[in-house]
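Just the heavy atoms: all of them, side chains too, but no hydrogens, waters or symmetry mates, feed the values below. The chain is numbered in sequence order, starting from 1. Counting starts at 1 for both ligands and their atoms, in listed order.
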Amino acid sequence: MQLIDGKAVAAQIKQEIAAEVEQIVAAGGKRPHLAAILVGHDGGSETYVANKVKACEVCGFKSTLIRFEADVTEAELLNKVEELNQDADVDGFIVQLPLPKHISEQKVIEAIDYRKDVDGFHPINVGRLNIGLPCYVSATPNGILELLSRYQIETSGKKCVVLGRSNIVGKPMAALMMRKAQPGDATVTVCHSHSKDLVKECQEADIIIAAIGRPNFVTADMVKEGAVIIDVGTTRVPDATKKSGFRLNGDVKFDEVAPKCSFITPVPGGVGPMTIVSLMKNTLLAGKKAIYD
Ligand code: GUN
C-alpha cells in the first residue's frame with residue numbers, strides 16, 4: 001500500500017509555480033492576481049479562503065480578499081462581480097460557496113466572466129470541459145488528476161466508480177476520468193443516494209473516488225484488493241483533543257480500507273491540499289492568459 005502524499009505534492013507544485021512567477025516578473029510580465037469574495041462568517045469558508053490567500057503568498061501572486069456580511073443583497077454582490085469582471089488588474093476571482101439562502105448561487109456564478117472563472121464553475125467552462133476543450137477545470141477534480149498523474153497511476157481501461165454527483169466534484173470528476181486523455185480513458189460509473197447496487201459497483205472498481213460527504217462510508221468489504229482509493233470527504237466531526245474542537249473525517253474508513261489498497265489518499269493531507277494548488281494553477285493560467293485572452 002502506498003500513501004498518496006497530497007501535502008508534499010502540493011508544496012512541490014507551489015514551489016514550481018513560484019519559480020515560474022518570478023521568471024515572468026523578471027521578464028517584465030505581470031504578477032498574477034487572484035481576488036476572492038467571502039460572504040458571511042461560515043467557519044469552513046473562512047478557513048478555505050484564508051488558506052487560499054496564504055497559498056497566493058507562497059506562489060508569489062497578488063491577492064485581494066473582499067468581504068461582505070451575510071445580509072449583503074444579491075444586487076450588491078452582483079455589482080462587485082461586475083466590478084471584478086471589468087478590473088484589468090484582476091486575472092481571476094472566486095466567490096466562496098456556499099452563499100446565504102437569499103442569494104442565487106447560480107446567478108452569481110453565471111455573472112462571473114468565464115475568462116476569469118478560475119473555479120471553473122461557469123457553464124461555459126463546465127461545457128467546454130465536457131466536450132474536451134481548453135477551460136478552467138474545477139479545483140478538486142483537477143487536483144485528483146494531478147495526484148493520479150504524479151503517482152503514475154494507470155487509469156486507461158480501468159473501472160472507476162465516482163461516489164457523489166455534485167457540480168463541484170462528482171460530475172466534473174466523472175467527465176475527466178472518461179476523457180480521451182491521460183489520466184482518463186476510464187470506464188466511469190457515478191453512484192449516488194439513489195443507486196441500487198452501490199456496494200457491488202464499488203467491489204468491482206479499480207479506482208474509487210469518494211465524494212459524498214458521509215464519514216467512514218466506504219468500508220473494507222466494499223473495496224477490491226489492490227484498488228486505488230481517493231477520499232474527497234472533509235466532514236468536520238467534534239474532537240475534544242483538537243485545539244479547534246473538531247477534526248476532518250474522510251468518506252473512507254481509512255484504517256480498515258488502507259491495507260487492501262495499492263494507493264490511498266489520507267484525510268487530511270491527501271486531496272485537500274491539492275484543491276488549493278489547483279486554484280493556484282488556474283490563477284497562473286489566468287495571469288498568462290493561457291486559455292482565454
Ligand atoms: N466551496 C467549496 N469548495 C469550493 C470551491 O472550490 N470554490 C468556491 N468558490 N467555493 C467552494
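In this structure, atom 4 (C) of ligand 1 lies nearest to the protein heavy atom Gln96 NE2, 4.1 Å. Nearest to atom 10 (N) of ligand 1 among the protein's heavy atoms is Leu97 N, 3.0 Å.
Contact check for Gln96 versus Ile94: side-chain heavy atoms found under the 4.5 Å cut-off. Proximity of Val21 to Phe61: side-chain heavy atoms (C-beta onward) are separated by under 4.5 Å at one or more points. Using a 4.5 Å heavy-atom cutoff, the side chains of Ile37 and Val81 are in contact.
Within the 4.0 Å heavy-atom shell around ligand 1 one finds Lys52. Under a 4.0 angstrom heavy-atom cut-off, Tyr48 registers as lying outside contact with ligand 1.
For Phe121, no nitrogen or oxygen atom sits less than 3.5 Å from a nitrogen or oxygen atom of ligand 1, counting backbone and side chain alike.
A distance of 12.5 Å separates CG in Leu163 from CE in Met173, rounded to the nearest 0.5 Å.
Residue contact check: Val95 has heavy atoms under 4.0 Å from atoms 8 (C), 9 (N) of ligand 1.
Within the 4.0 Å heavy-atom criterion, the part of Asp119 lying near ligand 1 is the side chain and not the backbone. Contacts between Thr140 and ligand 1, counted as non-hydrogen atom pairs separated by less than 4.0 Å, are absent for every part of the residue.
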Worksheet item: Hey, mind stepping through Asn125 and Tyr292 against side chain to side chain donor-acceptor pair (under 3.5 Å) and telling me if it holds?
Response: CA-CA 11 Å; Asn125 284 309; Tyr292 309 113; 2.6 Å; yes

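Ionic pairing of Asp113 and Arg115 is present here: one or more N-O contacts between side-chain nitrogen and carboxylate oxygen are shorter than 4.0 angstrom.
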